[in-house]
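Both ligands and their constituent atoms are indexed starting at 1 by order of listing.
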Amino acid sequence: MNTDKRKVVLIGTGMVGMSFAYALVNQGGICNELVLIDVNKERANGEAMDLNHGLAFAKSNMKIYAGDYHDCKDADIIVIAAGVAQKEGETRLDLLQRNTAVFRSIITPVVKSGFDGIFLVATNPVDIMTRVTYEISRFGSARVIGTGTSLDTARLRYLLGDYFTVDPKNIHAYVIGEHGDSEFVPLSQVMLATKHVTEILEDKKNDYCVDDMQKIEEQVRTAAYKIIEAKRATYYGIGMAITRIVKAILGDENSVLTVSAKLCGEYDTRNVFVGVPCIIGRNGVKEIIELSLSDDEKEKFRNSCEVLEENFDGLQL
Ligand code: NAD
């Protein structure tokens with residue numbers, strides 16, 4: 001008998017949540033049970049029906065159904081993509097306060113169910129909402145993860161691969177900091193295969209230049225604004241990023257991904273949840289990798305953490 005049950009509960013079956021669910025079903029073999037929960041039960045039911053109708057074409061079988069918080073008890077991962085949209089005239093902090101109330105209404109029953117797995121948060125502002133999840137759930141920090149700058153890092157690797165005409169898989173580079181305006185690329189840590197890109201820029205001045213690196217960084221930082229302008233929301237990329245993190249956890253891969261994790265002294269910072277490269281396995285964050293940043297990069301990282309700290313401090317939990 002196959003006892004290898006890998007169960008994921010998705011809370012929030014909107015565009016982001018369902019893009020994740022769709023990627024999960026299509027990639028196949030990552031988990032074998034997927035539960036959909038939404039405050040709008042009819043929507044969750046409809047989404048479960050729609051996905052189930054595609055199973056005949058999927059790579060592997062899965063049990064998919066709309067459920068409730070009791071179903072969280074024996075889940076391995078709870079993915080949260082639930083949230084409310086910004087109202088006209090509403091400040092960022094007001095929105096944050098309303099999303100905190102949404103999270104309380106979600107995390108309290110999840111914890112009450114007896115859930116003992118890993119929280120993975122995608123709702124924005126993701127670093128703050130991950131910290132809110134940590135504070136409300138009182139789970140160990142290794143088991144509370146946000147999608148952080150995982151999508152931004154994928155965007156960066158794609159753009160750098162295009163620039164150097166190299167497979168993005170052979171580009172080793174990270175976007176770190178807040179998933180937002182203060183995020184940045186530590187250029188000193190960007191590598192093509194095992195060669196520093198700063199060296200390549202020096203060696204091939206006729207072909208490449210630092211200005212282009214800055215343009216690429218700006219393109220990454222503003223990508224979400226551009227997509228929202230064109231099609232109102234972003235969801236496929238983040239859906240695939242969530243799938244990648246879930247796969248790393250359930251497969252105990254020990255893969256390095258730039259998730260939002262709680263700093264416990266790394267980069268001389270404590271308590272803030274922020275996007276940093278982490279080793280991700282079956283128990284969540286196994287280790288935060290501390291990069292050797294230049295003084296200028298350290299300053300940018302400190303600034304990003306301060307932005308997050310200020311936003312969190314303004315919240316009433
Ligand atoms: P959406 O409006 O399509 O979906 C949100 C869903 O949450 C809806 O189905 C709604 O019914 C549900 N919901 C609201 N309150 C709930 C509650 N109390 N309990 C259960 N479900 C509830 O929005 P979306 O486009 O899917 O975006 C979801 C979130 O993901 C947003 O916060 C968005 O900013 C964020 N996002 C994050 C990233 C990232 O990189 N982390 C990228 C894109 C979007």
Interatomic spacing from OH in Tyr69 to CD1 in Ile106 - rounded to 0.5 Å: 4.5 Å
If you draw a 6.0 Å radius around NE2 in His172, do more than 12 non-hydrogen atoms from other residues or ligands fall strictly inside? yes
Counting non-hydrogen protein atoms only, what is the nearest one to atom 4 (O) of ligand 1? Give residue, atom name and distance. Gly14 CA, 3.2 Å
Heteroatom proximity flag, Gly12 to ligand 1, N/O under 3.5 Å: no
Has Val84 got any heavy atom lying under 4.0 angstrom from an atom of ligand 1? no
Say whether Ile11, considering both its backbone and side-chain N or O atoms, lies within less than 3.5 Å of an N or O atom on ligand 1. no
Who's closest to atom 29 (C) of ligand 1 heavy-atom-wise, of Ala81, Gly17, Gly83? Ala81
So is Val39 polar-close to ligand 1, meaning N/O to N/O under 3.5 Å? yes
Any protein heavy atom < 4.0 Å from atom 2 (O) of ligand 1: no
At a 4.0 Å threshold, what atoms of ligand 1 neighbour a non-hydrogen atom of Ile238? 38 (C), 39 (C), 40 (O), 41 (N), 42 (C), 43 (C)
On a heavy-atom basis, I'd like to know which of Ile106, Leu151, Ile242, Val102 is closest to atom 15 (N) of ligand 1. Val102
If we ignore hydrogens and angles and just use 3.5 Å, is the side chain of Thr108 paired with the main-chain N or O of Ser105 as donor and acceptor? no
Atom indices of ligand 1, in the order listed, that fall short of 4.0 Å to a heavy atom of Ser105: 18 (N)
What distance separates Thr153 OG1 from Ile176 CD1, expressed to the nearest 0.5 Å? 9.0 Å
Students often mix this up, so state it plainly: with edges at 30° and 60°, are the rings of Phe184 and Phe301 parallel, tilted or perpendicular? perpendicular
Counting the benzene-type ring for Trp, do Phe139 and Tyr134 have ring centres under 6.0 Å apart? no
Donor-acceptor contact below 3.5 Å, side chain Glu266 vs main chain Cys264: yes
May I ask you to check whether His179 has an N/O atom sitting below 3.5 Å from an N/O atom of ligand 1? yes
Which ligand 1 atoms are under 4.0 Å away from a heavy-atom of Ala122? 30 (O), 35 (C), 36 (N), 37 (C), 38 (C), 39 (C), 41 (N)
At under 4.0 Å between heavy atoms, which part of Met18 makes contact with ligand 1: side chain, backbone, both or neither? neither
Whether the side chain of Arg98 engages the backbone of Leu93 through a donor-acceptor N/O pair (distance < 3.5 Å, no angle test) should be reported. no
Atom pair CD (Glu178) and CG (Asn303), whose distance is rounded to the nearest 0.5 Å: 9.0 Å
Near Thr234 (heavy-atom distance under 4.0 Å), the atoms of ligand 1 are 42 (C), 43 (C), 44 (C)
Using heavy-atom distances, let me know which of Ile228, Leu10, Asp38, Asn40 sits nearest atom 11 (O) of ligand 1. Asp38
Tell me whether Glu33 contacts the main-chain N or O of Ile64 through its side chain, where contact means a donor paired with an acceptor under 3.5 Å. no
Presence of salt bridge, Glu309 and Arg131, under 4.0 angstrom: yes
Does any N or O of ligand 1 fall below 3.5 Å from an N or O anywhere on Thr147, backbone included? yes
Find all atoms of ligand 1 within a distance of less than 4.0 Å from any non-hydrogen atom belonging to Ala82, and give their numbers and elements. 7 (O), 13 (N), 21 (N), 22 (C)
Looking only at protein heavy atoms, which one is nearest to atom 30 (O) of ligand 1, and what is the separation? Val16 CG2, 3.7 Å
Short check: is a protein heavy atom less than 4.0 Å from atom 24 (P) of ligand 1? yes
Compute the shortest N/O to N/O distance between Asn124 and ligand 1 and return yes if it is under 3.5 Å, no if not. yes
More than 12 heavy atoms of other residues, nucleotides or ligands under 6.0 Å from OH of Tyr208: is that the case? yes
